[in-house]
Asks: 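Attaching a single structure in structure tokens format; questions to follow.
Quick note: residue numbers are just sequence positions, from 1.
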Amino acid sequence: MVDFEGRSIRSAVREFVDLERILQEQDRAGVDMVVLCPWVTLLGREPARQNEALAAMVGERVAALGTILLEHPDGLVELMGDGRLAGVEVAASYDGDYLGAERFEDFWAAAEETRALIFIHPTTRGFDQPVFDDFYLWNAVGNPLETTVTAAHMVMAGVLERHPRLRVLLAHGGGALPALRGRLRHAHSFQPQARSRLGESPDDSLSRFYFDTVTHDESLLRELVALAGADRVLCGSDYPFDMGVERPAEIVRALGLAPDEEQAILGGNARRLLGQESEA
């Protein structure tokens with residue numbers, strides 16, 4: 001059990017801190033390599049201390065993403081210049097703003113310049129409507145919904161159009177974003193506000209995202225791979241949380257993909273984005 005600021009984090013059901021035990025659990029899960037990320041609740045807190053601790057764990061089987069204050073993108077330049085961390089995890093919203101907000105423009109420019117991998121993960125409680133207190137909806141629905149909102153906000157704000165070389169990975173299969181692409185496209189086709197900052201088709205921006213495999217549904221994951229392309233999907237686990245996938249490679253292998261596509265999702269894409277192999 002993990003305790004934080006006087007409350008128990010009951011959703012953390014596997015090893016949370018000890019790297020040796022984490023790797024032992026990955027051995028049992030059939031996972032060769034892990035990418036460690038900060039706990040989303042701690043994003044932006046004492047970034048130098050967190051980044052040094054994460055960087056110290058990097059090794060043959062371990063890569064890691066760090067954290068910075070989005071208002072200080074020089075921190076990303078410094079982090080990437082160090083060479084030990086491959087990018088940063090960022091929350092889907094900050095102080096009520098989603099990631100297409102103009103206040104984050106310098107961060108996105110730095111992310112494109114440095115070729116950092118930016119992993120977008122929802123906050124633990126992105127919405128304060130009472131309905132999310134029922135039936136575990138804050139996690140099952142609220143978390144992927146927050147990713148959906150911020151990714152759509154980035155698209156319609158033109159972030160990916162202005163910075164086409166960004167490497168942005170969306171948690172939980174991108175939430176409902178793939179299912180809403182038609183609505184975004186239609187709104188952009190006629191509505192002045194919807195097209196006020198985006199010149200290209202929303203589909204062009206959507207095609208630049210990367211997605212993890214944590215969909216909990218084989219048919220949905222198959223559709224995601226068909227939509228995004230096998231070169232844009234990365235095997236994810238959401239370890240060590242209760243909504244994670246204990247054996248993440250199995251659902252990928254169950255898709256019956258071509259061997260090169262399967263290998264790309266199981267590791268090749270991650271190695272490329274982490275700078276562990278050259279890009280084509």
Side-chain angles (χ1 to χ4, degrees), residues 2 9-37 39-40 57-65 86-87 89 117 119-122 136 139-141 143-145 147-148 151 167-179 209-274 276-277:
V2 177
I9 311 304
R10 299 184 182 279
S11 59
V13 295
R14 298 182 177 89
E15 177 55 42
F16 203 78
V17 177
D18 188 301
L19 180 59
E20 183 177 353
R21 290 182 59 187
I22 290 172
L23 292 177
Q24 289 172 354
E25 292 198 1
Q26 300 315 302
D27 286 337
R28 291 191 289 273
V31 173
D32 298 321
M33 184 172 181
V34 298
V35 181
L36 301 178
C37 302
W39 182 28
V40 68
M57 297 182 191
V58 171
E60 184 178 352
R61 293 188 62 189
V62 179
L65 303 179
E89 181 182 17
L117 176 59
F119 178 40
I120 297 177
H121 192 284
Y136 211 43
N139 195 324
V141 174
N143 278 2
L145 178 59
T147 300
T148 304
R167 297 166 153 192
V168 178
L169 172 63
L170 301 178
H172 311 133
L177 185 68
F209 282 120
Y210 292 86
F211 303 84
D212 76 11
T213 57
V214 186
T215 63
H216 299 283
D217 186 277
E218 183 180 316
S219 61
L220 183 59
L221 181 56
R222 184 177 287 107
E223 292 170 5
L224 178 61
V225 173
L227 172 66
D231 62 333
R232 292 269 165 176
V233 180
L234 284 70
C235 186
S237 68
D238 215 357
Y239 177 98
F241 296 101
D242 56 0
M243 286 294 287
V245 180
E246 188 167 354
R247 300 183 67 84
E250 291 185 357
I251 189 172
V252 176
R253 294 192 175 103
L255 299 179
L257 301 172
D260 60 332
E261 294 180 326
E262 181 179 288
Q263 288 306 310
I265 295 172
L266 288 178
N269 296 333
R271 286 191 294 270
R272 186 179 74 253
L273 293 174
L274 295 168
Q276 297 178 350
E277 64 180 35

Asks: What is the distance from atom OG1 of T213 to atom CG of L220, rounded to the nearest 0.5 Å?
Replies: 11.0 Å

Asks: May I have the step-by-step check of side chain to side chain contact (heavy atoms under 4.5 Å, CB included) for L274 and V35, ending in yes or no?
Replies: CA-CA 9 Å; L274 295 168; V35 181; 3.8 Å; yes

Asks: Drop me the distance from D32's CG to D27's CG, to the nearest 0.5 angstrom.
Replies: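 If I round to the nearest 0.5 Å, the distance is 8.5 Å.
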
Asks: Working to the nearest 0.5 Å, report the span between CD of Q24 and CD of Q26.
Replies: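 It comes to 11.0 Å.
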
Asks: Can you check whether F241 reaches W39 side chain to side chain, under 4.5 Å on heavy atoms?
Replies: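 Answer yes - side chains close enough.
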
Asks: Calculate, to the nearest 0.5 Å, the distance between atoms NE2 and CG belonging to H121 and L169 respectively.
Replies: 10.5 Å

Asks: Once rounded to the nearest 0.5 Å, what's the spacing between atom CG of N143 and atom OH of Y136?
Replies: 8.5 Å

Asks: Which heavy atom of P144 sits nearest a heavy atom of A140, and at what distance?
Replies: CG-O, 3.4 Å

Asks: Please confirm whether the backbone N or O of A176 pairs with a side-chain atom of T148, one donor and one acceptor, at under 3.5 Å?
Replies: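 Yes, the answer is positive, given that a donor and an acceptor are paired below the 3.5 Å cut-off.
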
Asks: If you take all heavy atoms of E89 and L65, which pair is closest and at what distance?
Replies: N-CB, 4.1 Å

Asks: Mind listing the closest non-hydrogen atom pair of A264 and A230 along with its distance?
Replies: CB-O, 4.1 Å

Asks: Looking only at atom types and distance, does a side-chain atom of D212 sit under 3.5 Å from a main-chain N or O of G173, one as donor and one as acceptor?
Replies: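 Here the side-chain-to-backbone pair exists.
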
Asks: Do you know which two heavy atoms are closest between L177 and A151, and how far apart they sit?
Replies: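 Looking at all heavy atoms of both residues, the closest pair is CD2-CB, 3.7 Å.
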
Asks: Short question: side chain of T147, backbone of G174 - any donor-acceptor pair under 3.5 Å?
Replies: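 Flag not set: sc T147 to bb G174 has no pair under 3.5 Å.
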
Asks: State the CG-CG distance between L257 and L221, to the nearest 0.5 angstrom.
Replies: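 Those atoms lie 8.0 Å apart.
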
Asks: Would you say that L36 contacts M57 through its side chain, given a criterion of any heavy-atom pair below 4.5 Å between the two side chains?
Replies: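 A side-chain contact exists here, since the closest heavy-atom pair is under 4.5 Å.
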
Asks: Could you check whether any side-chain N or O of R247 sits under 3.5 Å from a backbone N or O of R28, counting only pairs where one atom can act as donor and the other as acceptor?
Replies: yes

Asks: Specify the closest pair of heavy atoms between L19 and V62, including all atoms of both residues, with the distance to one decimal.
Replies: CD1-CG2, 4.1 Å

Asks: With a 4.5 Å heavy-atom cut-off, do L266 and R253 have their side chains touching?
Replies: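 Side-chain contact under 4.5 Å: yes.
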
Asks: Does R272 reach the main-chain N or O of D231 with its side chain, forming a donor-acceptor pair under 3.5 Å?
Replies: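 Yes; judged by distance alone, with no hydrogens or angles, the pair exists.
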
Asks: Look at R222 together with E218 and state whether they make a salt bridge at an N to O cut-off of under 4.0 Å.
Replies: yes

Asks: Considering non-hydrogen atoms only, spot the tightest contact between V31 and P248 and give its length.
Replies: CG2-CG, 3.9 Å

Asks: Should R61 and V34 count as side-chain neighbours, where that means a heavy-atom distance under 4.5 Å?
Replies: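 Side-chain contact under 4.5 Å: no.
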
Asks: Does any N or O in the side chain of H172 come within less than 3.5 Å of the main-chain N or O of D238, such that one atom is a donor and the other an acceptor?
Replies: no

Asks: Picking from E246, E15, R14, E25, what satisfies side chain to side chain donor-acceptor pair (under 3.5 Å) with Y239?
Replies: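 Testing Y239 for a side chain to side chain donor-acceptor pair (under 3.5 Å) against E246, E15, R14, E25 leaves exactly one candidate, E25.
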
Asks: Before you tell me yes or no, could you show the steps for Y210 and N269 under side chain to side chain contact (heavy atoms under 4.5 Å, CB included), namely the whole-Å CA-CA distance, both residues' side-chain angles and the distance that decides it to 0.1 Å?
Replies: CA-CA 10 Å; Y210 292 86; N269 296 333; 5.7 Å; no

